[in-house]
Asks: 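Following this message is one structure expressed as structure tokens.
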Amino acid sequence: MKLNIQDTFNNELPADKILENSRRQVLDACFSFVEPKKTANPTLVHVSKEMLEAIGLTEEDATYKKFLNVFTGNKIIENTHPYAMCYGGHQFGNWAGQLGDGRAINLTEVVHKSQRWAIQLKGSGETPYSRTADGLAVLRSSVREYLCSEAMFYLGVPTTRALSLSLSGDEVLRDVLYDGNPAHEKGAIVSRLAPSFIRFGNFEILAARKQHLILKQLADYTIKHFYPEVTSEGKQKYLDFLTEVRNRTIDMIVHWQRVGFVHGVMNTDNMSILGLTIDYGPYGWLEAYNFGWTPNTTDNQHKRYRYGNQSQIGLWNLFKLANALYTLIEEVAPLQEILDEYSDIYNKKHHSMMQSKLGLVINDENDKELIGRLEETLQLTETDMTIFFRNLSNISSEDSSETAFKKVEIAFYLLNEIEGDIKNHWEDWFTRYLKRLQQEPLSDQERKQKMDLVNPKYVFRNYMAQLAIDEANKGDYNLIDEFYNLFKNPYSEQPKYEKWFSKRPEWARHKVGCSMLSCSS
């Protein structure tokens, strides 16, 4: 097993001078050296062929004991020095101070085919940042992260990736609902990859502690390795950096909205500085098209991270990043200008995205109203987002409003509710939409092809994840493999997987793990 090791983060940035793995405040450092906890009897559950190739390994490499030992933390790769990152963050709007990699350990960085990958183990034991936790993870959360990060990639959403999913052989105590009823679960480890796992919070903790020299080092490091397009000098360098982070963050969130993904816990420590979806905890996909839905039980009361608020939270988090970078710029006005541009950029990109979901390729001044009316109408009765938009591509510009409605009615959970005012709203909208399609230059078939490339047929619904988890807990990993292969082609019809193109079953409406989730791992 040969990897092209080229570590930068732990070579170019300041390390914690204390080598003891004790839980504490870590000062004057970007990370702490720490080794993963040895596991009792690890077994490999699943491995990604694509990500093996991405880091320069083969499927044969994954069959060797050394691979299993390295990617479950039982063996350290020669000439590498694993570490946990130090960062802070705003959690649910409040400054939480030092947080850091409490259950993740970075093994090393590899470069293959000019692409850099940081390799991280999640669930590999305690670190100085674990606070009162054990640093471990359980099978259910690990299955969700492993499958979801890969599903998101093939959906075209910027994301971290996953290399392998393994059982540790250890039992881990968890209180799933935080209701005082903890139970032992199977321990697991996900090996996940990204060009870097740096977050907004890495900058925030240094600014909060007034460690301005280290903050500058971190910013320069990030720009050097991950923002080569930033070529300016002096203060402008950091302003251009913030501008690019803003743009990547906007692109990521627009993609979330396009596929109906709700992150669930958009704290600043869960925001990638590279604009990647990171930290798959209590996430979910919209079943009913509902701007107010959040999958996170912790957020159930205030719904801060609800689907309809994700763009605003992105801006709020960027304000916190800008505050951290202020000491490198020392001027408020140019920072404010960058942030003030956020809403216009986001709204334009979101509008363009919604036009593409409707198959509209030319601009019309009435499209904003058409989209707004649709978003309102979709929420009048429980309507499956994925099925509705996917089936919308089957509509012909020559259809009547009644025929068009028939083609999407499978998306409604309670079809008998669509009468009276609700029925009138739908008839009005389809009349407007069909008239709008008459202006389009594309044929019905050409429009369908374009729409089917932006409206996925298959998304990783929570009930599907729970089914895979239930089977995995019994030692059956076939469903994990089935979903892994299904989500490689989420925009294709895939007739053999047609059963997964369906609304959430009624049994899953209030089932733990299917409707809402906690942050428990």
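Quick caveat, the model's predicted, so the values are computed rather than measured.
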Asks: Any donor-acceptor pair under 3.5 Å linking the side chain of T127 with the backbone of A84?
Replies: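 No; judged by distance alone, with no hydrogens or angles, the pair does not exist.
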Asks: Would you confirm whether the ring centroid of W117 sits within less than 6.0 angstrom of the ring centroid of H112?
Replies: no
Asks: Verify salt bridge (charged side-chain N to carboxylate O under 4.0 Å, His left out) between E150 and R161, making sure each step is shown before the conclusion.
Replies: CA-CA 6 Å; E150 290 304 284; R161 302 295 300 276; 2.8 Å; yes
Asks: In terms of side-chain heavy atoms, does K357 have a donor or acceptor partner in N455 at a distance below 3.5 Å?
Replies: yes
Asks: Aromatic rings Y280 and F261: how do their planes relate, parallel, tilted or perpendicular, breaks at 30° and 60°?
Replies: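 Rings of Y280 and F261: perpendicular, as their planes differ by over 60°.
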Asks: Any cation-pi pair here, K423 with F405, using under 6.0 Å and within 45°?
Replies: yes
Asks: Answer with yes or no whether the side chains of Y305 and N267 bring together a donor and an acceptor at under 3.5 Å.
Replies: yes
Asks: Between W316 and F200, is the ring centroid distance below 6.0 Å?
Replies: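 Here the rings of F200 and W316 have centres that are no less than 6.0 Å from each other.
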Asks: Return the minimal non-hydrogen interatomic distance between F389 and M354, and the atom names on each side.
Replies: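 For F389 and M354, the tightest heavy-atom pair comes out as CZ-CE, 4.1 Å.
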Asks: With the side chain counted from C-beta on, respond yes when Y87 and Y129 share a heavy-atom pair under 4.5 Å apart, and no when they do not.
Replies: no
Asks: In this structure, which one of R509, K503, R504 forms a side chain to side chain donor-acceptor pair (under 3.5 Å) with E506?
Replies: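 Among the candidates, only R509 passes.
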Asks: Restricting to non-hydrogen atoms, name the atom on K37 and the atom on G125 that form the minimum distance, rounded to 0.1 Å.
Replies: CB-CA, 4.0 Å
Asks: Run the salt bridge (Lys or Arg N to Asp or Glu O under 4.0 Å) test against D170 and tell me which residues pass, sequence neighbours left out.
Replies: none
Asks: Taking the six-membered ring for Trp and the single ring otherwise, decide whether the centroids of F460 and F487 are under 6.0 Å apart.
Replies: yes
Asks: With a 4.0 Å cut-off on N to O distance, would you call D444 and R447 a salt bridge?
Replies: yes
Asks: Step by step, would you call R174 with D134 a salt bridge (charged side-chain N to carboxylate O under 4.0 Å, His left out)?
Replies: CA-CA 10 Å; R174 285 292 182 270; D134 57 17; 2.9 Å; yes
Asks: Under the salt bridge (Lys or Arg N to Asp or Glu O under 4.0 Å) rule, what pairs show up with a residue in residues 275-284, not counting sequence neighbours?
Replies: R192-D279, R199-D279
Asks: Does NZ or CZ of R246 lie under 6.0 Å from the centre of the six-membered ring of Y342, at an angle within 45° of the ring axis?
Replies: no
Asks: Hey, can you tell me if F501 and Y458 have their rings parallel, tilted or perpendicular (30° and 60° cut-offs)?
Replies: perpendicular
Asks: Which heavy atom in R461 sits nearest to a heavy atom in T386, and how many Å separate them?
Replies: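 Scanning both residues, the minimum pair turns out to be NH2-CB, 3.6 Å.
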Asks: Which heavy atom of L286 sits nearest to which heavy atom of M385, and what is that distance?
Replies: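 In terms of heavy atoms, the two residues are closest at CD1-SD, 3.7 Å.
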Asks: Can you tell me if H184 has over 12 outside heavy atoms packed within less than 6.0 Å of its NE2?
Replies: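 More than 12 within 6.0 Å, yes.
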Asks: Are D399 and K406 within salt-bridge range, i.e. N to O under 4.0 Å?
Replies: no
Asks: For the residue pair Q257 / S311, report whether a side-chain donor-acceptor contact shorter than 3.5 Å exists.
Replies: no
Asks: Consider only side-chain N and O atoms of N462 and R144, and report whether a donor and an acceptor are under 3.5 Å apart.
Replies: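 The criterion, which ignores hydrogens and geometry beyond distance, is satisfied for R144 and N462.
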Asks: Are T297 and N300 close enough, and set up right, to give a side-chain hydrogen bond (donor to acceptor under 3.5 Å, both in side chains), and what steps lead you there?
Replies: CA-CA 5 Å; T297 55; N300 194 32; over 6 Å; no
Asks: Between N317 and H90, do the side chains contain a donor N or O and an acceptor N or O under 3.5 Å apart?
Replies: no
